[in-house]
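In what follows, chains are A, B, ... by sequence order, proteins preceding strands, each numbered from 1.
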2 protein chains.
Amino acid sequence: MNEIDHATEAAWTALMTKSRVLLEAVETSLKSAGYPPIAWYDALLELEKAGPDGLRPFELKDRILLPQYGTSRLLNRMVKAGLVNRQDCLEDGRGQNISISEKGKSVRRAMWPIYERVLSERIGAKLKPKDAAQLASLLSKL
Amino acid sequence: MNEIDHATEAAWTALMTKSRVLLEAVETSLKSAGYPPIAWYDALLELEKAGPDGLRPFELKDRILLPQYGTSRLLNRMVKAGLVNRQDCLEDGRGQNISISEKGKSVRRAMWPIYERVLSERIGAKLKPKDAAQLASLLSKL
DNA sequence: TATATATAGATGCAACTGCATCGACATATG
DNA sequence: CATATGTCGATGCAGTTGCATCTATATATA
């Protein structure tokens, strides 16, 4: 069993094309509004959801689907930008704890309307909620 | 009209997550089999479909969704690897024609089984053809 | 306890990307 | 024709990524 059917190929092509176009639309909007890329948003959101104790970098990396070194460097930039705090981890001498700063929260909050507008225009306006749910459900099987 | 509904958000999240995971799976398979990235495959396929006359770089860029400078550099690498031929364009002194070489054809052909296996395992095995078609159809509305 | 193995995170290096801009040719306009 | 504007493709530069590897600490094993 290895030949793929036409529908599988069509799904793959559409998946690649649309995800790229949508992602680029979001990135462009954020950038032109003077905000950081969406990867920063994702990280900030995870850190905010994690609460005041924050997360260890290795926990964050699993949630934002970034490689270890990518996460390490993303955090460097975010620390430098003052959006997150890094402190040595008490329980594990190798590790650290990352928590979102007030500035980080406010940047995330400010990014959301930009982000949301693109999703609304590009997805909300094109798919009825039922169809969007159906799309999410099909994707979740992959 | 700007608040997004839950289904839209779920669709977006699933779209981003799955497309990244699948893409990475394909890239990893290709790389570990010693082949170039998927962007090369896409370009080779478009050039092969275009026939012996090939394509102008600006035409190719529209089909593979790469920025102009990205296409320019991708073509440099592919020329250097001997997968495509570049020749000055007769009708337009600014331009060039890119055509796939025999080696390019054979590399593309060799990449396909690797590529296909991932799609088959990750999509074909998870979605019935009807569902895959449905997924493609929903995505096509975006 | 001493040693081996595993895990957390950082980093040097080469490759790749985005941005802005350039040079060359093409097309439109006076 | 002369000049302005537009399009094609390349490229310098700075920032980012992937890979491999390193250091430091933690955990398992003898």
Q.
Here's a test of your reading of the structure: between B:Lys61 and B:Tyr69, which maps to the more 5' nucleotide of DNA chain D?
A. B:Lys61
Q: Quickly work out the A:Arg94 CZ to D:dT25 P distance and round it to whole Å.
A: 10 Å
Q: Would you state whether a donor and an acceptor, one from the side chain of A:Gln96 and one from the base of C:dA8, lie under 3.5 Å apart?
A: no
Q. So, do A:Leu30 and A:Val118 sit near enough that their side-chain heavy atoms are less than 4.5 Å apart?
A. no
Q) Given atom CG of A:Asp92 and atom P of C:dA6, what is their separation to the nearest angstrom? A) 17 Å
Q. Which is true for B:Gly70 with a 4.0 Å heavy-atom rule: it touches a base, it touches only sugar-phosphate, or it touches nothing?
A. nothing
Q: Would you kindly give the CG-to-P distance between B:Leu65 and C:dT17, to the nearest whole Å?
A: 14 Å
**Q.** Phosphate OP1/OP2 of D:dG15 contacted by A:Arg77 side-chain N/O (<4.0 Å)
**A.** no
Q: Determine whether any donor atom in the side chain of A:Gln68 lies under 3.5 Å from an acceptor atom in the base of C:dA8, or the reverse, and answer yes or no.
A: no
Q | Spacing between B:Lys80 atom NZ and C:dC16 atom C1', to the nearest angstrom | A | 13 Å
Q: Could you pull out the closest heavy-atom pair between A:Ser120 and B:Ile4, with the gap in Å?
A: CB-CG2, 3.5 Å
Q) Any side-chain N or O of B:Arg86 less than 4.0 Å from the OP1 or OP2 oxygen of D:dA10? A) yes
Q. Rounding to a whole Å, what distance do you find between B:Glu91:CD and D:dC8:C1'?
A. 13 Å
**Q.** Qualifying residue, where the test is salt bridge (Lys or Arg N to Asp or Glu O under 4.0 Å) with A:Arg108 and the options are A:Glu46, A:Glu48, A:Glu102
**A.** A:Glu48
Q. Quick one: does A:Val21's side chain get under 4.5 Å of A:Arg122's, heavy atoms only?
A. yes
Q | A:Arg56 and its salt bridge (Lys or Arg N to Asp or Glu O under 4.0 Å) partner, picked from A:Asp92, A:Asp88, A:Asp62 | A | A:Asp92
Q. How long is the line joining CD of B:Glu24 and P of D:dC19, in whole Å?
A. 9 Å
Q.
Looking at C:dA10, I'd like to know if its phosphate oxygens (OP1 or OP2) sit under 4.0 Å from a side-chain N or O belonging to A:Ser72.
A. yes
(Q) When you compare the side chain of A:Leu47 with that of A:Leu55, does any pair of heavy atoms fall below 4.5 Å? (A) yes
Q.
Should the side chain of A:Arg73 and the base of D:dG18 be counted as holding a donor-acceptor pair, with the cut-off at 3.5 Å?
A. yes
Q. Heavy-atom distance under 4.5 Å between the side chains of A:Ile100 and A:Leu83, does that happen here?
A. no
Q.
If I take atom CD in residue B:Gln87 and atom P in nucleotide D:dG9, what distance separates them, rounded to the nearest angstrom?
A. 13 Å
Q | Atom-to-atom span, CG of B:Leu74 to P of C:dT17 - whole angstrom | A | 8 Å
Q. Does any residue of residues 25-60 of chain B have a heavy atom under 4.0 Å from DNA chain C, and if so, which ones, in number order?
A. none
